[in-house]
Amino acid sequence: MPETSTSGLHAAVIMDGNGRWAQRRGLPRVAGHRAGAETLRRVVEAAPSQGIAALTVYAFSSDNWQRPKDEVDALMKLFLRFLRREQRRCVENGVRVSVIGRRDRLPGLVAGAIAACEAATAEGGRLHLRLAVDYSSRDQILDAARRLERPATRDELAQSLGLPDVDLLIRTGGEQRLSDFLLWECAYAELIFTPRMWPDFTAADLENAVAEFYSRERRFGAVPAVVSSMG
Ligand code: IPE
Ligand code: IPE
Ligand code: MG
């Protein structure tokens, strides 16, 4: 069984494919984002029973500001609605919500809802849900380095970044790239790419991904356990 870096798994998800899911149905892209928000709700519900203690999801990248204004505005409205609607459910289910990424470019209402949701859910101990919004891993690494006054050790930089290493990274939507997500934290993550579009992703898909994770041998650069015990 692979070792995990926390008391439970740290899973990360690049929630991709909303736009194509909608377009294939003749719907506007925003309909895909709406369906994607529902998927996130279901996945958050299913995660603790899969041994996931922390779930970091990519909701909006710093590069996503380049999208048409209508789509960006619709996404911001959806974040607002998600944060307001899910807050109570998260408190009831012991889900602590944090948001990672820049906040200074978000609409004031979104930034306010983030602060309220983080404060209300701070005691949640069953699952730590991190939403990456206006997130760029390269920017986060730069900021973490700048906070250190002198050239840092690996551990100091990791601490300044503040996130645990990722055990399992899932990307839906068929693309096989990281798109500037958790570059440092995924150094030894097991990567799972699925063609399933995010709105179609189910609790069973999550279960399969976790099973796939446990079927892999994590070696972290060493030789397989059986070889090393044979000398
Ligand atoms: C992911 O779905 C959600 C965001 C990036 C906000 P996309 O909107 O990227 O969907 P595709 O990749 O165009 O299908
Ligand atoms: C990554 O998806 C960002 C999110 C899922 C939020 P993109 O759709 O923006 O990534 P690229 O452009 O295909 O690399
Ligand atoms: Mg995409």
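All ligand and atom numbering here is 1-based and tracks the order in the structure. Side-chain atoms are counted along with the backbone in the values below, which use heavy atoms only and exclude waters and symmetry mates.
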Participant: Measure from atom 8 (O) of ligand 1 to every heavy atom in Glu175, Met197, Arg67, Arg20 and give the option owning the shortest one.
Facilitator: Arg67
Participant: Among the N/O/S atoms of Asp16, which is closest to the Mg ion (ligand 3)? Give the atom name.
Facilitator: OD1
Participant: Kindly indicate whether the side chain of Arg126, heavy atoms from C-beta on, has any atom under 4.5 Å from the side chain of Arg96.
Facilitator: no
Participant: As an exercise, state the distance from CD of Gln140 to OG of Ser62, rounded to the nearest 0.5 Å.
Facilitator: 8.0 Å
Participant: Determine whether the aromatic ring centres of Tyr135 and Phe60 lie less than 6.0 Å apart.
Facilitator: no
Participant: Closest non-hydrogen protein atom to atom 1 (C) of ligand 1, residue and atom name please, with distance?
Facilitator: Met15 O, 3.0 Å
Participant: For the residue pair Arg25 and Trp21, would you count it as a cation-pi contact if the rule is NZ or CZ under 6.0 angstrom from the ring centre and within 45 degrees of the ring axis?
Facilitator: yes
Participant: Closest non-hydrogen protein atom to atom 6 (C) of ligand 1, residue and atom name please, with distance?
Facilitator: Ala59 O, 3.3 Å
Participant: Please state which protein non-hydrogen atom is closest to atom 10 (O) of ligand 1 and give its distance, to 0.1 Å?
Facilitator: Gly19 N, 2.9 Å
Participant: For Glu190, run the side chain to side chain contact (heavy atoms under 4.5 Å, CB included) check against Glu212, Arg216, Glu217 and tell me which one passes.
Facilitator: Arg216
Participant: Side chain, backbone, both or neither: which part of Ser61 has a heavy atom under 4.0 Å from ligand 1?
Facilitator: neither
Participant: Would you confirm whether Thr121, through its side chain, and Cys117, through its main-chain N or O, come within 3.5 Å as a donor-acceptor pair?
Facilitator: yes
Participant: What I want to know is whether Asn18 and ligand 1 share at least one N or O pair that is separated by under 3.5 angstrom.
Facilitator: yes
Participant: May I ask you to identify, for Gln23, whether its side chain, its backbone, both or neither come under 4.0 Å of ligand 1 on a heavy-atom basis?
Facilitator: neither
Participant: Which ligand 2 atoms are under 4.0 Å away from a heavy-atom of Phe60?
Facilitator: 6 (C)
Participant: Quick test: of every protein heavy atom, which one is nearest to atom 9 (O) of ligand 2, and how far off is it to 0.1 Å?
Facilitator: Asn64 ND2, 2.9 Å
Participant: So is Gly17 close enough to ligand 1, meaning a heavy atom under 4.0 angstrom away?
Facilitator: yes
Participant: Just by distance, do the side chain of Thr56 and the backbone of Arg130 share a donor-acceptor pair under 3.5 Å?
Facilitator: no
Participant: Mind listing the closest non-hydrogen atom pair of Phe201 and Thr39 along with its distance?
Facilitator: O-CG2, 3.3 Å
Participant: Hey, which atoms in ligand 2 end up nearer than 4.0 Å to a heavy atom of Ile14?
Facilitator: 5 (C)
Participant: For residues Tyr58 and Asp180, report the shortest heavy-atom separation together with the two atoms involved.
Facilitator: OH-O, 3.3 Å
Participant: What protein heavy atom lies closest to atom 12 (O) of ligand 2? Include the residue and the distance to one decimal.
Facilitator: Arg177 NH2, 4.5 Å
Participant: Nearest protein heavy-atom contact for atom 2 (O) of ligand 2: which residue, which atom, what distance?
Facilitator: Arg171 NH2, 3.6 Å
Participant: Can you tell me if Glu175 has an N, O or S atom under 2.8 Å away from the Mg ion (ligand 3)?
Facilitator: no
Participant: Taking it one step at a time, do Asp16 and Arg20 satisfy salt bridge (charged side-chain N to carboxylate O under 4.0 Å, His left out)?
Facilitator: CA-CA 9 Å; Asp16 196 22; Arg20 281 165 287 161; 3.4 Å; yes
